[in-house]
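Beneath this line is the structure, given in structure tokens, with notes to follow.
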Amino acid sequence: MKRFNKVMIMGALVAAVVGSGCKKSFFDINKDPNNAVESNITADLIAPQAMLNSANRTGTGYAWLNMWLGYWAPSSGFAPAVEEQSYNINTAFGAGLFSGLMDNAYDYQFMENQAKATGQDFYVGIAKIMKSNNFAQLVDLYNNVPYSEALQGLKAIRPKYDDAKSIYEDLIKQVDTAISLIKSADKNKNDKIATADLMFGSDKTLWIKFANTLKLRWLINQSNRADRVSYVTAEIAKIVAEGSGFLLAGQDAAVTPTYTTDKPNAYYNAFGFTSVGNPATSYYRGNVVAINYMKVINDPRLTYYYKKILRDPAGVLTEPLTTLPPKNVRGNQYGLPIDNNTYPYQAGDWVSQIGGVDSPGVYSPTAKGLAKGYNQPMWVITSIESLWLQAEATAKGFISGDAKAAYKNAIQESFRWLAIPNWSIEFNNWYNSQVALGNKNVDWDLNTTTADKYRLIMFQKYLAMNGIDPLVVWNDFRRSTGGVAQVDPEPTKYAGGVVGAGTYPYLDLSLNPGRSSQVIPVRLLYPQRELELNFANVPTVGVKSGDQFTAKIWWMP
């Protein structure tokens, strides 16, 4: 349940052995080898790999959510993932997330302990922030989880499960402590911090902005509950008073290790190109839901989130897929039965690939789309999400400012992030053209009520976060709807009126014939390993079939 990352230990041991010059004392058989391990694994050895693991999980750990949320769909050349597509998940589904997040959190806990022992407060602050990010994700996936007794090894091999709301509140306190530690830290006393910190290169201001942005994410998650508004208001006021602000345009929280062609960025390697230059996947393809949303508002970002098809289906009218122009970008319907006689254009070249560069190569700031190059930065939080959090907080009155400007800046940031040429001009031309058409799905001023403005923010944030961080989008869906599916009765049309007229865009349910529910799951079930090894402490809610639809995360309305 709480294991140290063995790969990391071995890597650190090798570094320690090499650095010691293989001195006899290191191999002294009269010394406890476990003590030798702990004495040689320092914070600067742990930080880089721990940060990279965190970032890789953000980018590649939630691909199934891109399916549920209408961004991606599988090609028909593969057997359907019945459990995923039917939503009939069990205690094995996504189980690696629980153990992976816990293991990664333990890496940070060990890093924190080692840094404390040597007076390296900057590392302690970083560890607290990153560990808190892990526990927030665990709550967002499972609700109550081990926390106060977690990460203690043999001291608590069967840790109790803590109340999810209490965990969230303590995470805010932990990050506040981390901010104070980072502010007062002497960089010279934090060994190799400039190189070990793959995120910000020991830039204190950016770390504090990142910490504030994480806190804003957690506070906004709970802001749709009436009984949490006063708490959220007070905590956001503290962030504003602190003065460092949030991540701004062009300020991603992203790691930048020394990637090589044979050890590339994980997102690029999974959804762009392999290390030998071949397309990385023939499985993941575009989904008709998000593609049609973008088509109906003539969104220029369409060919940056999705590639143009390689073969033209010649406009076959019987194909129940994307029918709106332009037809050079097409999506599948999620869960559609594999029947190439009835639906002959579901596979491979007929359907759009995940957006990005058209050929393998080196990342550059002008590289387009999502998969941009083998050495592209791997994000933990993007500037896109940060600006959307600020826009929502402003619209709700938690932050003072011009809500319309914040809303437009958030959309524009995705144009910049996707590297659309002349992105500022392109954004303004597109936005003004939609205003001229009276498009309520784009024009801020046409949405006069608080509810309408919230719906608009959620719709445009949904488009902007396409394929980037689906856990965040799943959070938005669940906190906006309470988990009740809002399914468009005409999913292939979206013609006229307001797209997704409820509190969130319509998300079509899977067409898999095994689906019996009328809702998308709102959580994962506790993993089987926890049921086997920590059964006495695992909550009774969240373990059986059906709980994935009814056992809500605490911040859901």
For F78, does the CZ atom have more than 12 heavy-atom neighbours from other residues, nucleotides or ligands under 6.0 Å away? yes
Salt bridge between D443 and K440, side-chain N to carboxylate O under 4.0 Å? no
Is the ring centre of W72 less than 6.0 Å from the ring centre of F271? yes
In terms of side-chain heavy atoms, does D252 have a donor or acceptor partner in S383 at a distance below 3.5 Å? yes
Tell me, yes or no, whether the heavy-atom count around K308 atom NZ, taken from other residues, nucleotides or ligands under 6.0 Å, exceeds 12. no
For the residue pair E530 and Y142, confirm or rule out a side-chain donor-acceptor distance under 3.5 Å. no
Only one of F427, W423, Y304 forms a ring-ring contact (aromatic ring centres under 6.0 Å, His included) with F415, so which one is it? F427
Apply salt bridge (charged side-chain N to carboxylate O under 4.0 Å, His left out) to residues E392 and R479 and explain how you reach the verdict. CA-CA 13 Å; E392 183 176 347; R479 68 184 175 87; 2.7 Å; yes
R228/E169 ion pair, N-O < 4.0 Å: yes
To the nearest 0.5 Å, tell me how far L247 CG sits from N212 CG. 9.0 Å
Within this structure, what is the CD-CG distance for the pair Q434 and N439, rounded to the nearest 0.5 Å? 4.5 Å
Check: Y168/D140 side-chain N/O donor and acceptor closer than 3.5 Å: yes
When rounded to the nearest 0.5 angstrom, what distance separates OH in Y108 from CG in N53? 7.5 Å
Testing the 3.5 Å rule here: is there a donor-acceptor pair between the side chains of Y62 and Q137? yes
Does the Lys NZ or Arg CZ of K372 fall within the cation-pi geometry relative to Y268 - under 6.0 Å from the ring centre and within 45° of the axis? no
Closest non-hydrogen contact found for N332 with S76 is ND2-N, 4.3 Å
Return the CG to CD distance between L509 and Q85, rounded to the nearest 0.5 Å. 13.0 Å
Tell me, which pairs form a salt bridge (charged side-chain N to carboxylate O under 4.0 Å, His left out) where one or both residues lie in residues 380-390, sequence neighbours left out? R217-E385
Not counting sequence neighbours, which residues clear side chain to side chain contact (heavy atoms under 4.5 Å, CB included) with A551? List them please. R523, V541, D547
Between N104 and the options N133, N134, N56, the side chain to side chain donor-acceptor pair (under 3.5 Å) test singles out N134
Any Lys/Arg nitrogen of E83 or R515 sitting under 4.0 Å from an Asp/Glu carboxylate oxygen of the other? no
Evaluate the ring planes of W64 and W474, with Trp represented by its six-membered ring, and classify them as parallel (under 30°), tilted (30 to 60°) or perpendicular (over 60°). perpendicular
Carboxylate-amine/guanidinium proximity below 4.0 Å for E413 and R416: yes
Does any donor atom in the side chain of N224 or Y454 lie under 3.5 Å from an acceptor atom in the other side chain? yes
Y526 ring center near F98 ring center (under 6.0 Å): no
Nearest 0.5 Å, please: how far is CD1 in I520 from OG in S510? 9.5 Å
Tell me the closest heavy-atom pair linking Y267 and A371, and the distance in Å. CE2-N, 4.1 Å
Kindly assign one of parallel, tilted or perpendicular to the pair Y407 and W444, based on the angle between their ring planes and the thresholds 30° and 60°. tilted
To the nearest 0.5 Å, how far apart are CG in D162 and CD1 in I167? 5.0 Å
Within the 6.0 Å centroid threshold, strictly below: Y462 and Y71: yes
Under a 3.5 Å cutoff, is there a donor and acceptor pairing between the side chains of Y306 and N466? yes
